[in-house]
Protein chains: 2
Amino acid sequence: MIPQFLKRLQEFSPLSEATQAELQQYLSVVEIPKGEFILKHHEVCRYIFYIEKGFARQYYFRDGKEITEWFAGTHEFCFSISSYFDATPSNLLIEAVEESTVIRLHRDGILQLSKTNPEIAQLALGMFARSLKFSQLRTESILFQSARDRYLHLLETKPYVIQKVSLAHIASFLGISQETLSRIRAKI
Amino acid sequence: MIPQFLKRLQEFSPLSEATQAELQQYLSVVEIPKGEFILKHHEVCRYIFYIEKGFARQYYFRDGKEITEWFAGTHEFCFSISSYFDATPSNLLIEAVEESTVIRLHRDGILQLSKTNPEIAQLALGMFARSLKFSQLRTESILFQSARDRYLHLLETKPYVIQKVSLAHIASFLGISQETLSRIRAKI
DNA sequence: GGAATCCTTTGACATTTGTCAAATAATCAA
DNA sequence: TTGATTATTTGACAAATGTCAAAGGATTCC
């Protein structure tokens with residue numbers, strides 16, 4: 001379970017055996033029951049989370065409404081990158097949609113080690129780079145794709161997401177009203 | 001001119017005197033005439049650019065149309081972060097809207113040094129962090145603000161931008177049609 | 001099993017924004 | 001300056017999406 005986590009982590013940037021061993025001491029595993037929070041509102045995000053088993057939804061509040069930022073399925077990462085790196089209270093909440101087993105990598109493992117270990121610094125850079133790419137893709141999808149195309153794209157690339165969460169959550173992720181999503185679905 | 005550049009660079013992350021001296025050898029200054037490109041289409045972005053004097057527009061093509069990503073005024077930075085860090089051909093073009101004096105920091109100065117100098121790695125992280133924040137703010141403005149509010153916000157925060165470039169470019173930055181922008185302006 | 005609750009769909013209508021076409025205004029170059 | 005080019009505005013209409021309200025469905029809990 002831990003070895004696989006370390007392997008996935010290297011999608012961001014490769015790590016030597018020595019660095020992997022160093023990181024081990026910052027790892028822990030927790031069980032989060034359905035409906036509980038992996039990251040609570042206003043809590044500093046002290047860990048990078050890896051969903052070993054389960055499913056999570058990341059969202060924030062805007063004008064009193066829940067806005068879904070993204071989802072994390074089995075063997076995916078989630079964390080509040082800004083809260084994690086700046087140690088500021090997180091606006092992002094991460095909720096376990098179903099009972100989940102989560103591997104956590106403590107921020108000290110990244111922030112302290114990155115000052116001396118360039119591999120870790122590269123890892124952090126890789127994480128930022130991925131988040132940036134993701135954010136830019138999302139901006140472009142909102143700017144250039146219709147609500148219908150965005151839904152079809154989600155359906156194609158992440159069909160399991162639609163099974164796991166309510167349509168209200170999917171609508172808020174797509175940036176449309178629930179009624180519009182319902183009408184899109186009605187016409188295939 | 002160079003000292004001020006180094007000072008601005010430290011908005012991303014502080015740099016020791018020694019590191020600043022190391023970076024010096026990677027700096028150069030160029031004059032770009034009006035209408036010429038600071039970064040050409042499909043060129044690898046080999047530098048971080050700093051507009052010592054002048055004004056630049058960053059844009060890309062989508063469905064044959066120019067989409068303005070952002071502007072860089074005097075004493076601001078611009079570069080294609082993805083092309084710079086990955087050495088991939090840039091989709092982003094950077095055009096000098098007026099004659100510009102540009103200080104360039106070569107990517108080797110960041111990429112090579114960051115492997116041994118943690119200050120440089122932190123600098124790179126700071127740049128990613130800023131870009132990510134910018135990207136997320138843009139996503140939110142598109143999701144939650146009307147075209148009118150986005151225009152008013154630009155007018156408030158960056159009034160000089162509206163003086164320098166055509167309304168077509170501003171419209172493409174705001175993600176709206178030129179006609180809609182014209183109508184917004186007609187009603188104050 | 002049935003009431004209560006939550007989730008989803010549907011209808012009617014308003015609002016925002018886009019598109020196409022044309023008119024007007026501003027700028028540039030000879 | 002004048003004609004050509006480019007930039008901006010305006011009009012008419014269409015398309016996409018939001019909002020409010022209500023009706024069905026599904027689920028849960030006792």
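Keep in mind that the numbers below use all heavy atoms, side chains included, and drop hydrogens, waters and symmetry copies.
- Applying the side chain to side chain contact (heavy atoms under 4.5 Å, CB included) criterion to Ser114(B), with sequence neighbours excluded, gives Gln122(A), Ile120(B), Ala121(B).
- Annotation: side chain to side chain contact (heavy atoms under 4.5 Å, CB included) contacts of Glu52(B) (sequence neighbours excluded): Met1(B), Gln4(B), Tyr50(B), His75(B), Thr101(B), Ile103(B).
- Taking the side chain to side chain contact (heavy atoms under 4.5 Å, CB included) definition, one finds that Ala96(B) meets it with Ile32(B), Ile38(B), Ser100(B), sequence neighbours left out.
- The closest side-chain heavy-atom distance from Leu167(A) to Ser182(A) is not below 4.5 Å.
- Summarising the geometry, the separation between CG on Leu174(B) and C1' on dT17(C) is reported as 13 Å, rounded to the nearest angstrom.
- The distance from atom NZ of Lys187(B) to atom P of dT17(C) is 10 Å, rounded to the nearest whole Å.
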Next on the checklist: Base contacts versus sugar-phosphate-only contacts with protein, heavy atoms under 4.0 Å: please encode nucleotides 11-30 of chain D as B, S and - from 5' to 3'.
Outcome noted: BB----SSBBB---------

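- Relative orientation of the Trp70(A) and Phe134(A) rings is tilted, given thresholds of 30° and 60° on the angle between their planes.
- The side chain to side chain contact (heavy atoms under 4.5 Å, CB included) search around Leu137(A) returns none, not counting sequence neighbours.
- Here salt bridge (Lys or Arg N to Asp or Glu O under 4.0 Å) pairs that include residues 105-120 of chain B, with residues two or more places apart or in two chains, number zero.
- Following rounding to the nearest Å, Arg185(B) (CZ) and dA7(D) (C1') show an atom-to-atom distance of 11 Å.
- Looking at residues two or more places apart in sequence or on another chain, you find a side-chain hydrogen bond (donor to acceptor under 3.5 Å, both in side chains) between Ser166(A) and His169(A).
- Protein atom CD1 of Ile142(B) is 16 Å distant from nucleotide atom C1' of dG18(C), rounded to whole Å.
- Each end of the helix from dG1(C)-dC30(D) to dA30(C)-dT1(D) gets its own axis, taken as the rotation carrying the C1' atoms of four end pairs onto the next four within a five-pair window, and the two axes meet at 40° to the nearest 10 degrees.
- Sequence neighbours left out, the pairs with a member in residues 11-40 of chain A that pass salt bridge (Lys or Arg N to Asp or Glu O under 4.0 Å) are Arg8(A)-Glu11(A), Glu11(A)-Arg130(A).
- Residue pairs meeting the ring-ring contact (aromatic ring centres under 6.0 Å, His included) criterion with at least one partner in residues 89-111 of chain A, sequence neighbours excluded, are Tyr47(A)-His106(A).
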Between the protein and nucleotides 24-30 of chain C, list every N/O to N/O distance that falls short of 3.5 Å.
none

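- As judged by a 4.0 angstrom heavy-atom cut-off over every strand, Ser166(B) is placed among residues touching the sugar-phosphate backbone only.
- The OH atom of Tyr151(A) sits 11 Å away from the P atom of dT8(C) (whole-angstrom rounding).
- Computed from coordinates, the Asp149(B) CG to dT15(C) C1' distance equals 14 Å when rounded to whole Å.
- Judged as a salt bridge (Lys or Arg N to Asp or Glu O under 4.0 Å), the pairs with a partner in residues 60-78 of chain B (not counting sequence neighbours) are, in order, Glu140(A)-Arg62(B), Arg57(B)-Glu66(B), Glu76(B)-Lys158(B).
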